[in-house]
Structures are given as structure tokens and as C-alpha cells.
Amino acid sequence: MKARKSLIVAIPSAILLALIPRLMSGCATSDEKYHNVMRVDPRAAYSASQTPGSQLASPPIVVDNQGLSAPTTSPSSELWVIERNAHEEVQQSAVPNQGLSNQSGLTQPQNGERAAQITKVPEKIPYDDILRYPTTSPGSSARDAVFGTPAQHSQQLTAPQDIYDSVLLPTGDGSAGGGSQPQSPPQSDGAAPNNYSQAPVTNVPGSIGGEARGLKDEQLEASRSPNIISIQDPGCGELIIQDHNGQKNVPVPLDHTDVTAQIQGYVASVHVAQRYRNPFSEKIEAVYVFPLPQDAAVNEFVMTIGDRHIRGIIRERAEAERIYHEARAQGYVASLLTQERPNIFTQSVANIEPNKQIDINITYFNTMNYVDGSYEFVFPMVVGPRFNPPGSTDGVGAVGRGQQGTSGQKTEVQYLRPDERSGHDIALSVDLNAGVPIEALDSRNHKIDVKRESPSHVVVSLDPADSIPNKDFVLRYKVAGARLKSGMFVQRDDHGGYFTLLLFPPASLGELPRQPMEMVFTIDVSGSQSGAPLAQEKAATRYCLTHMGADDTFQVVRFGDTSRTLFAAPQPAVGSNVQQALAWIDGFDATEGTMLVEGVHASLLFPHDESRLRFVAFMTDGFIGNEAEALREIHNCLGPARIFSFGVGSSTNRFLLDHMAKMGNGAAAYLGLNDDANQVMGEYFQTISHPALTDISVDFGSMNACDVFPERIGDLFVGRPVTISGRFSGDVPKQVVVHGKVGGKTAEYVVPISAENVESGPPHPLASVWARAKLADLGDRAVWDADNELPVQMKQVALEYGLVCDYTAFVAVDSLTETAGDHGTTVAVPVPVPDGVRYETTVEERPARLPQD
Amino acid sequence: MKLRRVAILICAMVAACLISAGPTEVVALQSPRFEAIGVYIDPHGKPLAAYQFELVAEQGDVTLVGIQGGDHPAYSDPPYYDTHALLADRIVVAAFNTGSDLPANRTRIATLMVRVGGNIEPKYNARLQVAASSDAKPIAADISVEGVNP
Amino acid sequence: MVRIFFERFAPLLRFTGNAIMEENKVPSDTNPELPEELHQAIVNLHTPPIPVPAHLDRLILSAAHVRLTRRKRAVRALGWGSIAAAAVLLITVARFSFIDKPSTPQVAIVGDVNGDGRVDILDAFVVARGIAHHEKLPQTWDVNGDGVVDQKDVDLLAQMAVTVSKGPKR
């Protein structure tokens with residue numbers, strides 16, 4: 001009985017267990033792997049090479065006894081076709097052609113000879129271990145012959161000549177000939193020495209980043225040795241030309257950027273046209289990391305192929321990326337625009353065929369700053385090299401050209417070396433229609449041409465001689481009128497009513513006496529501030545130190561890898577203390593990292609003097625990759641302090657600096673390399689010398705206002721208006737009443753809303769302005785609030801109003817253009833370091849790792 | 001005791017179901033593909049100055065991935081469309097031209113780039129909501145949808 | 001009537017009740033003949049109803065008729081009144097709905113510039129054409145309420161026309 005019962009239980013259990021594996025195998029998995037951004041996949045060439053009598057789609061660079069030759073058109077070399085899939089090791093196969101054996105024709109170097117030998121490379125070599133500079137030393141192993149020795153690659157890569165000084169090449173019979181010393185470059189008459197010859201290489205050979213090999217024109221030869229060895233490297237058909245100034249022109253797939261802005265009122269509508277062109281001999285995917293203003297609302301995206309314009313679609317980011325990768329894998333021309341930071345975007349364009357051009361047209365709008373009597377239009381041109389704290393992976397990496405993936409960061413920017421430049425240039429024009437006479441206008445960083453159409457209408461163009469995109473374009477202009485008044489813009493659509501209220505501080509604020517202050521000067525001494533930026537910081541701090549009031553106290557903080565304070569506690573601003581501080585800052589140099597969080601803690605986390613207002617002046621370029629962490633710390637540590645952020649440099653991280661000020665209830669100012677530090681700091685003192693209207697709330701009267709952003713209105717300082725956006729129903733009120741506190745005492749003032757100051761509105765729907773303000777506010781909250789609903793809300797707003805944010809992206813696929821093969825090589829567009837920033841102290845060059853035996 | 005009997009019974013039933021199900025067939029999903037859908041309007045000889053149509057994907061997994069204008073220069077720019085179309089299985093597209101060079105014969109006025117997933121062949125239904133001449137008067141026109149070959 | 005009933009039948013009820021009680025007892029009397037009292041009570045049950053004089057009957061009936069007829073008339077009047085009121089309302093609504101439009105179209109529906117009762121691309125086209133031809137445009141065409149009829153209104157109308165969530169507005 002018991003046995004029978006046991007059997008009844010056991011048999012079904014056994015059947016069930018036997019069927020489980022079968023069930024599991026039938027379940028579909030969606031473990032879809034995407035290829036890494038960087039791939040080498042010369043399958044087209046491989047396929048072409050397999051066809052008898054075919055010519056390679058992209059001829060290899062051949063190395064022969066006369067030096068490095070021009071690309072040939074016949075496949076006669078032994079090709080090493082390198083394929084790579086995501087997270088898998090590289091697999092290599094040798095493709096013999098036309099009678100060449102599978103083995104290298106070269107022999108081991110003899111007696112001190114230096115030779116470049118390519119042997120049959122073992123399979124399964126990790127991608128990162130493939131060295132790019134195949135120089136050898138005598139007696140090295142075959143692997144070392146290919147990949148070089150550790151000693152060779154521990155050297156800092158400073159000049160290509162140091163790395164790849166010569167290549168010894170086989171003679172026609174494949175055996176090493178005589179000659180033991182490096183010889184001079186081959187003669188231009190093309191005589192072929194009957195031994196190993198050497199040819200200096202002017203640039204780094206083709207890396208997987210898509211660089212071209214370095215060749216000198218005079219070294220180009222059409223012929224090649226029978227034992228030709230080459231590495232198939234898509235994109236190496238282009239040559240790097242060195243001009244008479246020693247500058248090397250690096251081919252990049254971004255030809256030109258054209259920016260046209262229309263400013264009406266306080267909103268600018270900007271159209272950015274990027275022209276991508278494939279200069280290489282195989283199809284590529286171009287990836288370009290570029291900046292836009294941190295409050296830019298990107299709302300239109302059009303891909304132009306020939307005379308066809310394809311409007312992109314805004315989608316959830318994950319879905320857009322999936323669509324893009326699918327289209328790319330199937331060979332379709334596709335483009336994807338994603339946001340990495342509010343002021344950093346990545347543009348990817350897939351399957352650009354050789355010599356073909358694809359234009360990407362992006363339209364955005366943003367509101368302009370009004371500071372101390374001037375409007376300011378800013379167009380950033382380059383992302384500055386960011387410092388990322390050790391261990392972080394979500395930052396923005398700064399790597400040298402061709403060193404994709406070496407920073408370990410999610411987003412990477414490749415930088416041109418100091419002696420390199422790309423052909424990418426920029427044209428910019430601004431159509432400024434102020435509505436009132438424009439009194440003064442200037443550009444801090446660029447030469448401009450100004451065409452005045454009328455007293456209130458000018459067209460400003462960038463001088464063609466100043467078209468290198470390595471610094472922010474900043475246009476400041478003053479308009480007529482002793483003082484601008486508060487005003488309201490309104491518009492309605494099918495969603496309802498939207499308004500923007502510009503609040504200027506009341507004149508009476510400027511008449512109130514100055515209160516004693518506790519001033520903290522926090523100075524960035526990181527590597528990116530080396531040189532001119534640090535000089536500006538010192539000048540600005542000197543001005544502040546020598547213009548404080550007798551009742552003020554002060555502290556000086558320097559931060560780099562760590563932070564240090566001058567005094568144990570703030571000291572009175574008297575002669576000896578000031579002199580001590582001046583001497584201290586004079587000794588600063590900028591060579592460290594940028595641990596901004598350390599600076600935040602040192603500036604805020606000490607006991608506060610209740611009888612004084614604490615103002616913290618941060619001086620930095622904001623080149624960090626952990627902005628969210630820094631802003632969160634400011635939010636957590638702020639207390640009663642106010643933060644004023646000074647962006648020092650030609651291309652600062654305005655997103656971070658503006659938000660530091662916003663989070664810190666202060667204001668931001670910018671000190672360019674051409675600005676007068678005394679003037680900028682004088683304006684700063686003017687601002688903080690008068691009390692602000694704090695704890696602001698607005699009574700909208702009969703207007704039913706809702707969804708008002710920012711939710712927490714910042715302090716109102718003299719000369720700096722506050723912009724409030726919201727939705728409303730009902731009628732526009734006759735006045736709004738602003739409540740707040742001045743020096744702890746309650747205050748209010750009335751802003752009349754009349755027909756005169758209900759303006760006709762900017763050229764762009766206020767609904768979108770409001771949506772952008774809401775996204776910014778939600779994004780700020782997400783820095784310190786772990787509410788999981790915030791990303792969902794952001795995504796909903798962005799999708800509803802068609803805006804790009806962290807959670808949405810634009811994608812466009814041309815289903816009518818299917819290119820051969822699945823996808824091309826990814827080529828990142830390298831950019832110059834910002835003007836005034838030193839490459840050596842900000843961009844980390846990393847040698848490739850060696851293969852492990 | 002009773003519980004054990006119930007457990008045995010359940011196991012036996014599950015096993016029976018599994019055995020009777022037969023070999024599990026894995027239906028391999030077709031890889032998504034990309035297509036171009038051309039929308040044509042035939043205004044029967046009258047110049048077409050404005051149009052508006054609604055396109056519905058009656059079956060199939062269809063995702064819009066791009067919108068292009070049509071063949072005629074008057075409608076070469078991408079038309080207006082509703083961004084909310086992303087959330088629904090239909091889209092309304094419209095465009096107009098105030099110039100004088102207008103198409104009067106059957107013309108492709110818009111091209112929709114779509115991503116088709118799954119195994120079901122998509123089926124589209126287009127409904128012409130507006131077709132008007134230069135004087136904003138309605139005109140008789142027919143609408144049709146065809147795939148566009150690369 | 002109830003009182004009469006009870007007066008008449010109370011003895012019977014009492015008697016019946018007693019009879020029941022008696023019945024429940026084990027009968028000791030086997031005599032099949034009814035008791036005299038019971039017999040009398042049963043006989044009394046069949047007493048004919050009290051006749052109502054005819055003229056009184058007629059009076060009662062006519063009074064009831066009058067009363068009932070008055071109510072019917074009121075109801076009828078109310079029904080006709082309602083119908084009449086509804087008709088008046090309908091006519092009024094129809095009258096104003098199909099009112100002759102002035103030469104300058106009034107935007108009864110937000111965005112319905114051409115007055116065809118719905119918002120579609122034609123409304124955007126009409127405004128765009130007016131702008132392109134530098135016509136004097138009516139202020140009612142300022143759809144976004146910013147005080148100016150311009151391209152912003154055209155774009156807004158076009159976007160309203162293609163909005164799927166609400167469809168062509170009626």
C-alpha cells in the first residue's frame with residue numbers, strides 16, 4: 001500500500017522533471033545584444049575579396065619595400081579581417097589572395113634589424129589587446145613582433161614619430177635582406193631598395209577608431225611588394241595630410257555645422273544643421289557628442305538625404321535606441337539623437353556610404369538670460385573634458401582621438417591632439433529683433449560681422465576667420481530703456497492657457513543698506529583650469545578680497561583632488577588676513593582632479609555666523625561628470641547660505657553652474673578668458689551688496705494659475721529677473737502681487753499687468769516653454785528626490801510636447817535606402833579641447849593593453 | 001492524507017497535460033523589417049492645395065519611424081502629423097501649400113517610414129478627411145496606400 | 001363597513017374561535033347535529049347586503065367622475081404644455097444654430113476659422129493663405145490669443161487639426 005502510494009507520487013513528478021528542460025528550451029529569450037559602438041567589421045571587403053577577380057570595396061593600405069603605399073585596387077595582400085561582436089573576443093581570419101600563402105612572407109628580424117612582421121595571429125585575441133603600433137625590437141617573439149613589447153607601450157604617446165618611427169619591409173622574396181640600420185625614407189624616384197627599407201610614418205596607423213594611416217604624399221607608391229601585408233581597416237582610405245604649420249588634418253565624418261538663430265523677445269529659436277559626409281572608403285556610422293544650451297528644448301529633427309527630408313519621431317529613449325540599432329543592423333540609413341546631460345547630446349548616423357552626405361537638422365528654442373542690463377545669447381560649441389571621480393561609470397569620459405572605450409564612462413568625447421585639427425568648421429548667424437532699439441552689442445569670444453537692418457533689428461554673423469568650434473559663442477546686447485519692467489506673456493492652445501511672468505526686482509531693493517556678509521571663495525585648481533582660466537580666477541578673487549566691507553568675514557577654499565581651507569574658521573576682512581589670502585592664492589597651480597563635492601563640503605559644512613549672510617562664490621569651469629552628485633550635496637548641505645557660481649573659461653559647463661546657483665538660491669555669472677575680471681566681480685558685489693527678496697510667492701488674482709514652475713521661486717536679486725512659467729484658465733489679471741521677505745521682514749509689491757506689458761509672445765509656443773520649465777524642475781528634483789515617479793512624469797511631459805530629455809529621443813529611419821552589408825565602422829567625431837584648456841592636463845592618453853599569453 | 005492525495009492528483013494532471021501537449025513548437029518571430037508606405041491622392045485634375053488623411057494600421061505590429069514628404073515639390077517637406085500618434089495605432093497627417101504649382105494628378109503626397117514587427121502582415125486603411133483647392137473649397141479626390149520600393 | 005363587518009362577524013369569530021378551541025379538544029359529543037347557536041350564526045352569514053338608494057348611488061358616481069375628469073384634463077394640459085415648450089426650445093436653438101453668418105466668420109468653435117463646424121487643415125490653410133496674400137485678417141483668427149494673427153496661429157491650427165486624441169473637432 002505504501003509502495004503503491006509512493007509510486008503514484010513519484011511517476012508524475014518524474015515526468016514533470018523530465019519535461020522542464022524541454023519547456024525551458026522552448027521559451028524565447030529576448031537577450032538581444034547590440035553591437036558596441038566601436039566595431040570593426042570589414043565584411044564588405046571580405047566578401048568582395050572572396051569573389052574571384054573582384055576588387056576590394058576598400059583597398060588596403062599596403063606596405064612594400066618602397067615605403068608605405070597608396071591604397072591599391074587589387075586584392076593581392078594577405079588580409080587580416082577582424083570581426084568583433086559585443087562582449088566577445090575578436091576573431092580573426094586570414095584571407096589568402098592570389099597565391100599568397102597563409103603564412104607571413106616575413107621572417108624574424110635579424111641582428112638588430114627592426115621589422116614589422118605580421119604572423120598568423122592566434123585567434124580569440126581580445127580587441128583591446130590588439131596594438132596599433134606594430135614596431136618591434138630585435139629578438140622579440142612573433143607576438144611581440146606584431147604587438148610590440150610592454151616597454152614600448154608604456155611610453156606616453158606624445159608624438160606619432162616617437163611611436164612608429166619605421167617599418168622594415170620585406171624584399172620581393174619575402175626574406176629579410178641585409179641592412180641593419182634604419183634608413184632614410186625612400187626616394188621620390190621610387191627606387192626600390194633590395195632590402196628592408198624604412199619609411200617614417202607621420203601619424204598613428206589606422207586604429208579601430210577609424211583613423212587613417214599616416215602617409216606622406218611623397219611616399220605614396222602605386223606598386224607593392226609581392227609579400228604584402230596589411231591590416232584591413234575600414235576608413236583607412238583617407239590620408240592624413242600635414243600642412244606647413246605642422247598641423248595634421250584629420251579626416252572626420254562631420255564636415256560643417258550651420259547655426260541660424262532667430263531672437264524675438266526673450267526666446268531664441270535656433271536651427272542647427274550638421275553636415276555629415278563619409279570621407280572614407282567604406283560605409284561608416286558617425287557618432288558626434290556635442291553641446292547645446294542647457295535649457296534648450298529640442299523639438300524638431302529632420303534627416304536630409306539628397307533632396308529628401310525625413311522628419312524624425314520622438315519616442316521613449318529605449319524604444320528609439322532599439323529601432324535605431326535594428327535599422328543600423330539591417331543596413332538602413334538611420335539617425336538617433338539622445339540626451340546625455342541637459343547640455344550634452346549624442347548624434348548617431350548609421351550607414352553613411354563612402355562620399356555620401358547626410359544632413360541632420362535640429363531645431364530648438366531656449367530663453368535667454370538677462371543679467372545686469374544685458375541679454376545674453378549663448379551657443380556652446382564644444383564639450384569640455386570632464387573629470388570623473390574614481391570608480392564612476394556614468395560620467396563623461398575625455399579620451400584622445402581613436403581611444404574609444406578607454407575611459408570606462410558611459411559617454412565619451414574624443415579630443416584632437418594639439419597638433420591635429422579636423423576639417424569641421426562652423427558658421428553662425430543671429431537674427432535679432434529686439435522690438436526696441438538695441439544700444440550696445442558685443443561678442444566676447446568671437447569676431448562678428450554686424451548688419452543693422454533697423455535700430456531694433458540686427459543680423460550678426462560669425463566671422464569666417466573665427467570658425468573653429470572650440471569656444472562658446474556669447475552675444476550680449478543692451479536694449480533701450482532705463483529699466484525693464486516686469487511683464488507677462490500669454491498664449492492659448494487646445495491644452496489651455498500658458499503664461500510666462502518675468503519678475504524684475506523692485507527698484508527699492510537697491511536703496512536698502514548692505515548687510516554684513518560671510519564670504520567664502522571656493523576656487524577650482526583642477527587641471528582644466530591650468531593657464532588662463534586659473535589666472536582669471538586669481539584676478540577675480542583678488543578683486544573680491546580687496547573690496548570687502550569692514551564688517552565682513554571671509555574664508556578661502558581650494559579644491560582639486562581634495563579640498564583645503566585657508567583658515568580654520570572665517571576671519572575678519574582686515575589687512576593681515578587679506579594679505580595672507582592673497583599670498584596663498586598666488587601660489588595656486590592647477591594640476592589636480594575636480595572633486596567638486598569636496599569643495600561643496602568644505603564651503604558649506606562649517607558653523608554659520610547668524611549675524612551675517614553667507615555667500616559662497618564658486619569659481620570653476622564645471623568640467624565634471626558627476627553633476628548630479630554635486631547638486632545633491634549642495635541641496636543637502638546648503639543651509640542658510642547662498643551660492644553664486646562663476647563659470648571661468650571659454651566653454652564652461654553652464655548646466656552645472658546655473659543649477660548650482662539655482663539649487664543654492666543664488667545666481668550664476670560667467671568670466672570668459674577675454675572678460676575683465678574686475679568688471680565681472682564688481683557687478684557681483686553690486687548684486688550681493690543689496691538684499692534680495694526671498695521666500696517669494698505670487699498671487700495671480702483672478703487668473704487660475706496652476707502647474708507653476710519653478711515650484712520654489714529663487715531669490716530676486718538686483719539686476720537679475722526671475723522667470724516663472726505656468727498654465728492658467730480664466731482671464732489675464734490686471735495685476736499680480738509678489739510677496740516675499742527683505743532682511744527677514746515681510747514685503748510685497750504689485751506688478752500691474754496692462755495691455756502694454758502683455759506681450760505678443762515669442763516666436764515659439766509658450767506651451768513648449770512651459771513644458772521645458774517643467775522638465776527642468778522635475779530633473780532638479782530627481783537629483784535629490786529618489787521618487788520613482790519623477791522619470792515617468794518627465795517622460796510623459798516630453799512625449800506629450802515632443803521634447804528630448806533623458807528619457808526620450810528622436811529617431812529617423814530611411815526605409816528607402818538600404819545599404820549593402822549590415823552596418824559599417826563606427827567613427828567618432830573628435831573635437832578640439834576648448835580654447836584655453838590644456839590637452840595634456842585634461843585628456844588622458846591610454847596606451848592599448850597587451851595581449852595575455 | 002487528503003492533502004497528499006490532492007497533490008498527487010495535481011501532479012498527475014499537470015503531467016498528463018504536458019505529455020499530451022506534444023512537441024513544443026517554438027514559433028520563431030520574424031525579425032522586424034523596415035518599409036516605406038506611400039500615400040497617394042488623385043484629385044482628378046484639380047490642383048490639390050491642402051489635404052488631411054487618417055491612416056490606420058488595421059492589423060500588424062507597425063511603428064512609425066519617420067515621415068517624408070511626397071514626390072511633388074509642393075509637398076516635398078515633411079507634413080504635419082500628430083505626435084500623439086505614437087500612442088495610438090492611427091495617425092493623422094496633413095499639409096498644405098499656398099503656392100500655384102500644385103499637383104493635379106495622382107501623386108504621392110507623403111511617405112511613412114514604418115517598422116513592422118511580428119508575423120502578421122500589416123494592413124493599412126487610409127481615409128481622406130480633407131482635399132481642397134486653392135480657394136479652400138473641397139474637391140473630390142481618392143486616396144490610396146502602396147508600399148514604396150527602395 | 002369595517003365596523004359593520006366586525007359587528008356582524010364578531011360573534012361568529014368568537015364562536016368560531018371557541019369552535020376551533022373546541023375542535024382541538026377531543027370531542028366527547030358524537031352527536032352529528034349542529035348546535036343551535038352555530039346553526040343560527042351560519043344562517044346570519046348569508047344576510048343580503050344593505051341596499052344603497054339609487055339616487056345616492058348616482059350622486060356618488062357623478063362626484064367621482066367630476067373629480068377624475070379634472071385630473072385627466074390637468075395631465076393632458078401639462079403634456080401638451082411640455083410638448084409646446086420643447087418645440088419652442090427646439091425652434092429657438094435651431095434658429096440660432098443656422099443663423100446667417102456675417103461676412104467675417106465668427107469662430108464659434110475654437111480654431112474653426114472657416115466656419116465649417118470642425119477644425120482641420122483647411123483652417124490652417126485659410127489663415128496661411130491670408131498671411132501669404134497680405135490680407136487684413138480678422139482678429140477672431142488669433143487662435144493663440146497673443147494679439148497677432150501670424151504663422152504661430154497657422155502652426156497651432158495645423159497641430160490642432162492633426163491631433164489624434166481629439167480628432168477633427170466638431
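The chains referred to below are lettered A, B, ... by the order of the sequence lines, with proteins before strands, and numbering in each begins at 1.
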>> Could you measure the distance from the CD atom of Glu326(A) to the OG1 atom of Thr63(B)? Nearest 0.5 Å is fine.
In response: 9.0 Å

> For Ser815(A) and Ala36(B), which heavy atoms make the closest approach, and how far apart are they?
Replying inline: CB-N, 3.8 Å

> Minimum heavy-atom separation for Ile310(A) to Met113(B), with atom names?
Replying inline: CD1-CE, 3.8 Å

>> Working to the nearest 0.5 angstrom, can you tell me the gap between Asp77(B) CG and Arg308(A) CZ?
In response: 14.0 Å

> Quick one: what part of Glu316(A) sits under 4.5 Å from any heavy atom of chain B, side chain, backbone, both or neither?
Replying inline: neither

> So, for Tyr81(B) and Gly312(A), which heavy atoms are closest and what is the spacing to 0.1 Å?
Replying inline: OH-O, 3.4 Å

> Can you tell me how far CD of Gln68(B) sits from CZ of Arg311(A), rounded to the nearest 0.5 angstrom?
Replying inline: 12.0 Å

>> If you compare all heavy atoms of Phe34(B) against all heavy atoms of Tyr332(A), which two are closest, and at what distance to 0.1 Å?
In response: O-OH, 3.3 Å

> Considering residues at least two apart in sequence or located in another chain, which fulfil the side-chain hydrogen bond (donor to acceptor under 3.5 Å, both in side chains) criterion with Gln357(A)?
Replying inline: Asp359(A)

> For Ser144(B), which residues count as a side-chain hydrogen bond (donor to acceptor under 3.5 Å, both in side chains) partner, sequence neighbours excluded?
Replying inline: Arg106(B)

> Atom CZ in Arg115(B), atom CZ in Arg322(A): separation rounded to 0.5 Å?
Replying inline: 4.5 Å

> Please walk me through it: do Tyr324(A) and Val65(B) pass side-chain contact (heavy atoms from CB on, under 4.5 Å)?
Replying inline: CA-CA 9 Å; Tyr324(A) 173 78; Val65(B) 296; over 6 Å; no

> What residue in Ile37(B), Asn149(B), Ile67(B) has the most heavy-atom pairs under 4.5 Å with chain A?
Replying inline: Ile67(B)

